[in-house]
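Values in this document were obtained by computation on a predicted structure and should not be read as measured data. Lettering follows sequence order; numbering is per chain, from 1.
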Amino acid sequence: MAEANDPEVGARARGVWYVLHRAEDALLTLLVAALVLIAGGQIVLRSGFNSGLDWTEPLLRCLVLWVAMFGAMLAAREDKHLGVDAIPRMLSGLPRIVVRLLAQGFAAVVCGLLAWYSVGLVMLEHESQTIAFAQVPIWVTQLAMPLGFGVMAIRFALRAVGVRRNAASGAAGPAGEA
Amino acid sequence: MIWLIALALLLLALAGAPFFALIATVALLGLNASDYDLIIAAAEFFRITDVPVLIAIPLFTIAGYLLGESKAPQRLVRLTDALFGWMPGGLAVVALVSCALFTAFTGATGVTIVALGAVLFPALVHARYPTRFTLGLITTSGSLGLLFAPSLPLIIYAVVAQQLNTTPPVGVDDLFRAGLLPGLMMLVLLAIYSVWSGGRRAQVRVKFSAREALAAAWDARWEIPLPVVVVGGIYGGWFAPSEAAAVTALYVSITVLAIRREISLSKVPQVCRDAMVLVGAILVILGCALALTNYLIDADIPGQLFEVIREHISSRFVFLLVLIVFLLFFGMLLEGYPAIIILVPIVLPIAIRYGVDPVHFGIMFLAILQLGFFTPPLGMNLFISSYRFDRPVLEVVRACVPFFFIMLFCVLVITFWPWLSLVLVR
């Protein structure tokens, strides 16, 4: 479903975007696999062998943040962030372009701001060098936020000016969102 | 000024701006007006990593999507059919039970209608159930099961309510227990209606066959332990919700990918992507809402709202009635998860001031939300059904009418009879 809506999977399929997107997919799959294996493995270890590693819990929580930010980046890529889309769906022509510019442009600005304040947060934590788990400092785990919001800002901006087609204008029916 | 901002945000929402951006804007403006350094918004968002139970969200979601992509829905229908198919209206009961079970594991995201509807719709039509009844039944069933563990909306409600430091506190396991009886009530009432409606018209009926039941059970041997262990484990108090999620995700991954091999490994990234798009969309809203919730509490917005409302509504009864209408409207508009994350921080503190128990409120809230999923004109499941079964939306709406009133009755019972929700909790 998503594949068919991906504007990149067309004439320009094999470009830089394609490589980046597949890398993004691969990373996300790795993150999910890690989450499932570590979370599940931890339970097996704890109940079966009465042992466990004390850094798995903070690692898992950090993985949740990373999975969430990657998922949110993908949602921005596939135009699947939750919102009221009844009205844009009904419009066409110039009104549609204006409405899209407003809504997506607004989202781009907000994501840009969130990315900016996330950078601030990372810098603050960088100074204190507190450890999140094992040898990993907290600021490293926070990098998902500037990365995620930054990429989302770019994607919303591109959609605002119409470089990326709005999924609502494609053939995607409601089941596409399911 | 504040009305101008509210109007601008409303227009942006109608233009299709994502919810999380709207929430983040309100949080940033609010924090800015209270002279906070706005880095605090990012710090609040990072608190996603401070809520242990959130691990359950990606884990249950990936498990649900893997199950949905596998042949588990067919096996589930076969098994319930072997168990209930002999009853008059039995196949309708099959639809209700299997949908409720499936939704409890996947959350009401339309996955149930897409995955189970594909099996149930033709089966029901083939058994000569009227198309309209079938359409209404499946559309309604698409959100049935929301109140049963380990449904995600229950978990998310608990997480949001915990941010508000209510007394008494809201535990995820409290909600799991509280949802049991109200959920069963919905299931039983819908089943009674289906048997009555189905029994009146002569359906193709099958005799109970122990052989088929055993064969179906054997066919579903890898799936049967799942609800038993997970649901039993949660209700029995052996598993914390996040542990149950971890077990479920690992177990489903192993059975679906390694033992059954119903999803090829090359398709796994696609399934991960579909599942995590939903997780990401929910969690960014939640993260932004964490920043907002703190501001709301700081500025005592619910308290001020309560003062305004109290001038007009003095009785709890009237308040609850108004609340049902309010939540039904916004539940329909905000489609589930955003509704929980956005409305609970505002409405729950007010409800508590009217003497409503936060756990009871959660069940009531989610029951209304469940109704909102197929409330015309915007209920999400109406459109998913219409798309999935290729019927006009209006036909789906008409088909849902009797089911709508049954569920509305359930909502009223749940709202005005707190005992039903609280007897297993307190």
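With values rounded to the nearest 0.5 angstrom, B/L283 atom CG is found 6.0 Å from B/L54 atom CG. Put simply, CD1 on B/I48 and SG on A/C62 are 12.0 Å apart, with the number rounded to the nearest 0.5 Å. Taking CZ from B/F389 and CD from B/E395, the interatomic distance works out to 12.0 Å, rounded to the nearest 0.5 Å. Interatomic distance, CD1 of A/I38 versus CG of A/L59, reported as 4.5 Å (0.5 Å rounding).
Between A/R155 and A/E24 there is a salt bridge, with a side-chain nitrogen of the basic residue lying less than 4.0 Å from a carboxylate oxygen of the acidic one. Using a 4.0 Å cut-off between charged nitrogen and carboxylate oxygen, A/D25 and A/R77 count as a salt-bridge pair.
Around atom CD of A/Q129, more than 12 heavy atoms belonging to other residues, nucleotides or ligands sit under 6.0 Å away. Sparse packing is recorded around CG of B/D390, with 12 or fewer heavy atoms of other residues, nucleotides or ligands lying under 6.0 Å away.
The list of ring pair (Phe, Tyr, Trp, His ring centres under 6.0 Å) pairs with a residue in residues 125-145 of chain A, not counting sequence neighbours, reads A/H126-A/W139.
Taking the six-membered ring for Trp and the full ring otherwise, A/H81 and B/F20 have centroids separated by under 6.0 Å. If you look at B/F60 and B/Y65, their ring centroids are not closer than 6.0 Å.
Heavy atoms closer than 4.5 Å to chain B are found in the side chain of A/M152, but not in its backbone. Interface residue B/A13: only backbone heavy atoms are found under 4.5 Å from chain A. Contact of B/I342 with chain A is not made at all, since no heavy-atom distance falls under 4.5 Å. Heavy-atom distances place no part of A/F70 under 4.5 Å from chain B, backbone and side chain included. If you measure heavy-atom distances from B/L14 to chain A, the contacts under 4.5 Å come from both the backbone and the side chain. Heavy atoms of B/L22 lying under 4.5 Å from chain A belong to its backbone as well as its side chain. Only the side chain of B/L28 has a heavy atom closer than 4.5 Å to any heavy atom of chain A.
With respect to chain B, the highest number of heavy-atom pairs below 4.5 Å among A/L91, A/L35, A/L102 belongs to A/L35. For chain B, the option among A/T141, A/I43, A/L37, A/V99 with the highest count of heavy-atom pairs below 4.5 Å is A/I43. Across A/V36, A/L124, A/L82, A/L74, the residue that shares the most heavy-atom pairs under 4.5 angstrom with chain B is A/L82. Ranked by heavy-atom pairs under 4.5 Å with chain A, the list B/L38, B/L286, B/I62 is led by B/L38. Of the listed residues (A/A107, A/S118, A/A103, A/A39), the greatest number of heavy-atom pairs within a distance under 4.5 Å of chain B belongs to A/A103. Of the listed residues (B/D37, B/V279, B/I55), the greatest number of heavy-atom pairs within a distance under 4.5 Å of chain A belongs to B/I55.
The stretch residues 108-117 of chain A places A/V110, A/C111, A/L113, A/L114, A/Y117 near chain B, each with some heavy atom under 4.5 Å from a heavy atom of that chain.
In terms of heavy atoms, A/L28 sits closest to B/C272 at CD2-O, 4.0 Å.
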